[in-house]
Amino acid sequence: MRKCIKGFLTTIGVAGGIIGGLWIGTKLTTETKVQHIKPYFKRRSPYIFAHRGGMALAPEHTKLAFDKSSEFNVEGFEIDIRLTKDEEIVVMHDAYVDRTSNGAGRVSNMTLSELKALDFGYHFRDVEGNSPFRGHADAKILTLKELLESYPDKLVNIDIKDKPETYEGSLMPTVLYRLIKELGAEDRVLVTSFHDAQINRFKLYSGDEIALGAGEDQVTKAYLSFKTGFKHLYQPNADTFQIPVSIKGYPLDSEKFIAFLQNMNVAVGYWVINDMDKMDELIQKGAHTIVTDFPDISYHLMKQRY
């Protein structure tokens, strides 16, 4: 038994020595990359973004929502985009229109005119359970072009939803880049996606010109580097992390994790934060961006405490 214990301890000691040597070796030979701060991030922080335009106050991704949240001085909007059958970029979260409109079907199988005919206020309920926007003239889907042109003073956080392996997903990065260039909106948009492949495809066109977010794989790599003590090995390939406060029980909102990213000029944003105290806590920890369904709540926080 003593020999077994001794052998086990020896093995651990050897493994520890190897890991320690690896840490020292990589620490001495690795230079941490610090991101250049793009114009998108040069306004005064914290940024308050209305999630899907402020979906708690009005039908998500409609002019009603964007107009309402603008009344509460949000810095910008967090939106999702999808490609239509006729290759127009529309501001839409779901792959299907069923949940948010009086229609049914897949966005990629419908033309823009077909989508424009739908009532996106149909299923919305206010806090009293009423449907105040059903049939409203502004309860219509918007194209990304319409959004960018209608709110020229707002920053826009664009999340690519179409999966990279789909036909529409394969087209989205190039169609999106061309539209941004056409409108001269390079400095006021952030392009991100849960799909790292979509971000990488978009970057083939944009290079270092447009602000980019991190996909799920990059967030995972950064967090593992942070937790294992090999922080120096993480090389950022994004200008911001837009993340929840936790994933599967792992906290992503620690002050040290935020500082780790900030030291590389990676702005840290959190979604979806609807509690005033939690908003305040995250801002105090160093969060750069708060994405919320309730821009009215964030407005009162900023007015009272900042």
Side-chain angles (χ1 to χ4, degrees), residues 40 43-82 89-94 97-103 107 115-159 161 183 185 188-190 242 269-280 282-283 287 289-306:
Y40 182 93
R43 299 188 186 185
R44 181 181 178 182
S45 63
Y47 289 0
I48 304 295
F49 281 179
H51 183 228
R52 303 185 199 174
M55 59 182 291
L57 305 184
E60 65 186 67
H61 287 144
T62 66
K63 187 174 186 297
L64 290 165
F66 297 118
D67 283 350
K68 189 65 177 177
S69 62
S70 295
E71 295 176 10
F72 296 105
N73 295 339
V74 294
E75 196 68 36
F77 311 124
E78 186 278 343
I79 66 163
D80 308 287
I81 59 169
R82 291 189 178 274
I89 302 175
V90 289
V91 183
M92 181 85 182
H93 178 273
D94 297 1
V97 301
D98 304 46
R99 178 181 64 85
T100 53
S101 81
N102 61 338
V107 176
L115 290 165
K116 286 283 191 179
L118 299 177
D119 178 6
F120 282 87
Y122 189 83
H123 293 296
F124 180 84
R125 298 288 188 277
D126 62 19
V127 292
E128 297 177 350
N130 298 318
S131 304
F133 302 115
R134 184 174 288 183
H136 196 289
D138 287 334
K140 299 294 182 181
I141 197 169
L142 293 177
T143 64
L144 179 59
K145 182 177 182 178
E146 288 171 334
L147 177 71
L148 290 171
E149 289 181 336
S150 298
Y151 306 92
D153 62 325
K154 298 298 183 186
L155 298 175
V156 183
N157 179 342
I158 302 170
D159 188 348
K161 283 300 181 188
L183 298 178
R188 65 185 186 94
V189 298
L190 161 71
Q242 297 288 319
Y270 290 94
W271 52 261
V272 174
I273 312 301
N274 293 330
D275 177 78
M276 182 183 289
D277 289 336
K278 188 62 179 179
M279 291 178 190
D280 191 29
L282 290 169
I283 291 171
T289 306
I290 300 293
V291 179
T292 181
D293 294 332
F294 292 91
D296 53 338
I297 292 177
S298 61
Y299 173 78
H300 290 299
L301 169 66
M302 300 305 290
K303 189 174 182 180
Q304 293 173 12
R305 306 183 189 179
Y306 296 94

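Computed from a predicted model, the values in this text were never measured in an experiment.
The salt bridge (charged side-chain N to carboxylate O under 4.0 Å, His left out) test applied to Asp98 returns no partner, not counting sequence neighbours. Shown here are the side chain to side chain donor-acceptor pair (under 3.5 Å) partners of Ser131, two or more places apart in sequence or in another chain: Arg125. With sequence neighbours excluded, the residues satisfying ring pair (Phe, Tyr, Trp, His ring centres under 6.0 Å) with Phe133 are Phe124. Checked against ring pair (Phe, Tyr, Trp, His ring centres under 6.0 Å), Phe72 has the following partners two or more places apart in sequence or in another chain: Tyr299. Taking the salt bridge (charged side-chain N to carboxylate O under 4.0 Å, His left out) definition, one finds that Glu71 meets it with Lys68, sequence neighbours left out. For Arg305, the side-chain contact (heavy atoms from CB on, under 4.5 Å) test picks out Met276, Asp277, Asp280, Leu301, with sequence neighbours left out. Glu60 is linked by a side chain to side chain donor-acceptor pair (under 3.5 Å) to Arg52, Arg99, counting only residues two or more places apart in sequence or in another chain. Residues forming a side-chain contact (heavy atoms from CB on, under 4.5 Å) with Ser101 (at least two apart in sequence, or on another chain): Val97, Leu118, Phe120.
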Donor-acceptor contacts under 3.5 Å from residues 289-297 side chains, at least two apart:
from: Thr292; atom 1: OG1; to: Ile273; atom 2: O; distance (Å): 2.8
from: Thr292; atom 1: OG1; to: Asn274; atom 2: OD1; distance (Å): 3.0
from: Thr292; atom 1: OG1; to: Phe294; atom 2: N; distance (Å): 3.0
from: Asp293; atom 1: OD1; to: His51; atom 2: ND1; distance (Å): 2.6
from: Asp293; atom 1: OD2; to: Asn274; atom 2: ND2; distance (Å): 3.1

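Sequence neighbours left out, the pairs with a member in residues 132-144 that pass side chain to side chain donor-acceptor pair (under 3.5 Å) are Thr143-Glu146.
Below 30°, between 30° and 60°, or above 60°: for Phe66 and Tyr151 the angle between ring planes is between 30° and 60°, a tilted geometry.
Side-chain contact between Thr100 and His123 is absent, with no heavy atoms from C-beta onward closer than 4.5 Å.
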